[in-house]
Amino acid sequence: GIYSMNITFILPVTSQPRYWKRIKSLERLGCNNKVLAFERKYIPINKTNKNYIVIGKIEHKKYYKRILPFVRAFATIRNNIKYSDVTYVFGMDMLLFGWVTGLFINKKNKIVYEVGDIRSIFIGNNIQSIFFRWIERFLIKRIDFLVVTSKAYITCYYEKIQGIKDIRY
């Protein structure tokens, strides 16, 4: 059951209250949580929540500059998720990273993807938006559960724009 699950959270930033609300809720249910988080230069560190491992620093809104910190954090994340029952990620970049680091681990590790908002880059009609939607569709097919902060994300974005009808949420 949920009371004995080992969950590894991968956070893109340490200061988002929504992430910590989810983490603390699952902790209260008895889950054993491990939190791996990136820090950012321009976003203050949440000093009230120190139960996490810093896995690197990433640039805010500069996705291409995240590649090297992701490579550096790969082994740390892999070593933590191989002992987890669930990898819980926030945002598509963390989903991609969590999925890649979990490849070829003998134990089946379930992936939970939480979406707190739909970024404008996913809605446009330019090549970049089309590419990001394609990556997200590819990854959605490989997760075990989707958590959204609004049911409208399912109907208005995932079903209508992404064309995904069989989402487990």
Side-chain angles (χ1 to χ4, degrees), residues 1-40 43-58 60 66 69-70 73-119 122 135-159 162 164-169:
I2 193 167
Y3 300 106
S4 61
M5 279 188 172
N6 293 313
I7 302 175
T8 298
F9 290 87
I10 305 174
L11 310 182
V13 64
T14 60
S15 60
Q16 173 57 262
R18 179 173 50 84
Y19 302 163
W20 291 101
K21 182 178 179 183
R22 183 80 60 230
I23 292 164
K24 296 296 182 187
S25 295
L26 289 167
E27 236 168 51
R28 283 191 295 277
L29 289 173
C31 294
N32 302 308
N33 296 334
K34 174 84 61 144
V35 180
L36 309 174
F38 287 96
E39 292 183 340
R40 299 188 195 191
I43 298 176
I45 296 169
N46 185 342
K47 296 191 186 304
T48 62
N49 293 303
K50 281 296 188 183
N51 62 335
Y52 62 88
I53 298 169
V54 175
I55 54 175
K57 293 186 183 214
I58 57 175
H60 186 59
R66 294 182 183 186
F70 283 3
F74 185 89
T76 301
I77 291 176
R78 188 168 176 78
N79 288 336
N80 281 280
I81 66 173
K82 71 181 174 183
Y83 299 108
S84 293
D85 301 305
V86 176
T87 300
Y88 198 115
V89 298
F90 298 90
M92 194 192 75
D93 55 343
M94 296 300 112
L95 172 58
L96 177 61
F97 195 40
W99 178 74
V100 168
T101 55
L103 288 175
F104 309 113
I105 291 178
N106 292 336
K107 177 180 150 185
K108 172 64 175 136
N109 185 312
K110 299 203 178 300
I111 299 176
V112 176
Y113 172 38
E114 183 167 327
V115 177
D117 56 4
I118 306 295
R119 307 244 180 232
F122 289 97
I135 291 173
E136 188 181 43
R137 273 192 310 276
F138 173 83
L139 292 169
I140 287 278
K141 293 175 185 171
R142 285 147 181 86
I143 66 169
D144 296 283
F145 198 72
L146 175 67
V147 176
V148 293
T149 56
S150 171
K151 182 142 171 78
Y153 293 168
I154 299 294
T155 55
C156 297
Y157 175 70
Y158 286 106
E159 290 179 353
Q162 281 286 42
I164 303 171
K165 303 292 182 201
D166 58 345
I167 300 172
R168 294 166 306 282
Y169 68 96

> Which residue pairs pass the salt bridge (Lys or Arg N to Asp or Glu O under 4.0 Å) test with at least one member in residues 147-156, sequence neighbours excluded?
Replying inline: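 Every pair satisfying salt bridge (Lys or Arg N to Asp or Glu O under 4.0 Å) with a residue in residues 147-156: there are none.
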
According to side-chain hydrogen bond (donor to acceptor under 3.5 Å, both in side chains), who are the partners of [X], at least two apart in sequence or on a separate chain?
X    : answer
N109 : T87
S25  : R28
T8   : S84
D117 : none

Counting C-beta onward and ignoring hydrogens, is there a side-chain heavy-atom pair between [X] and [Y] closer than 4.5 Å?
X    : Y    : result
V13  : L11  : no
L96  : V89  : no
I7   : N32  : no
E114 : T149 : yes
Y113 : M94  : no

Would you compute the distance between atom [atom1] of [X] and atom [atom2] of [Y] and round it to the nearest 0.5 angstrom?
X    : Y    : atom1 : atom2 : answer
F122 : I135 : CZ    : CD1   : 8.5 Å
I10  : I53  : CD1   : CD1   : 11.5 Å
N80  : L36  : CG    : CG    : 4.5 Å
I118 : C156 : CD1   : SG    : 10.0 Å

Can you name the nearest heavy-atom pair linking [X] to [Y], along with the distance?
X   : Y   : answer
F9  : L26 : CZ-CD1, 3.7 Å
I55 : I77 : CD1-CD1, 3.5 Å
A37 : Y52 : CB-CD1, 4.0 Å

>> Is it true that, when you exclude F74 itself, more than 12 heavy atoms of the residues, nucleotides or ligands shown sit nearer than 6.0 Å to its CZ?
In response: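 More than 12 within 6.0 Å, yes.
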
>> Can you confirm whether K108 is buried at NZ, in the sense that more than 12 heavy atoms of other residues, nucleotides or ligands lie under 6.0 Å from that atom?
In response: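 Yes, the 6.0 Å shell around NZ holds more than 12 heavy atoms from other groups.
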
>> So, using ring-ring contact (aromatic ring centres under 6.0 Å, His included) as the criterion, who are the partners of F70 when residues are at least two apart?
In response: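 Partners of F70 under the ring-ring contact (aromatic ring centres under 6.0 Å, His included) test: F38, F97.
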
> Who passes ring-ring contact (aromatic ring centres under 6.0 Å, His included) against F90, sequence neighbours left out?
Replying inline: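 Per chain and number, F90 pairs via ring-ring contact (aromatic ring centres under 6.0 Å, His included) with Y19, Y88.
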
Let me have the donor-acceptor pairs involving side chains of residues 140-148, under 3.5 Å, with sequence neighbours excluded, atom names and distances please.
residue, atom, partner, partner atom, Å
R142, NH1, F138, O, 2.6
D144, OD2, I111, N, 2.7

>> Using a 3.5 Å distance criterion without hydrogens, assess whether the side chain of Q16 forms a donor-acceptor pair with backbone atoms of R18.
In response: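 Yes; judged by distance alone, with no hydrogens or angles, the pair exists.
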
Qualifying residues under salt bridge (Lys or Arg N to Asp or Glu O under 4.0 Å), relative to [X], sequence neighbours excluded:
X    : value
E136 : none
R78  : none
E159 : none

> Considering residues at least two apart in sequence or located in another chain, which fulfil the side-chain contact (heavy atoms from CB on, under 4.5 Å) criterion with D85?
Replying inline: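 Expected list: M5, N6, K107.
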
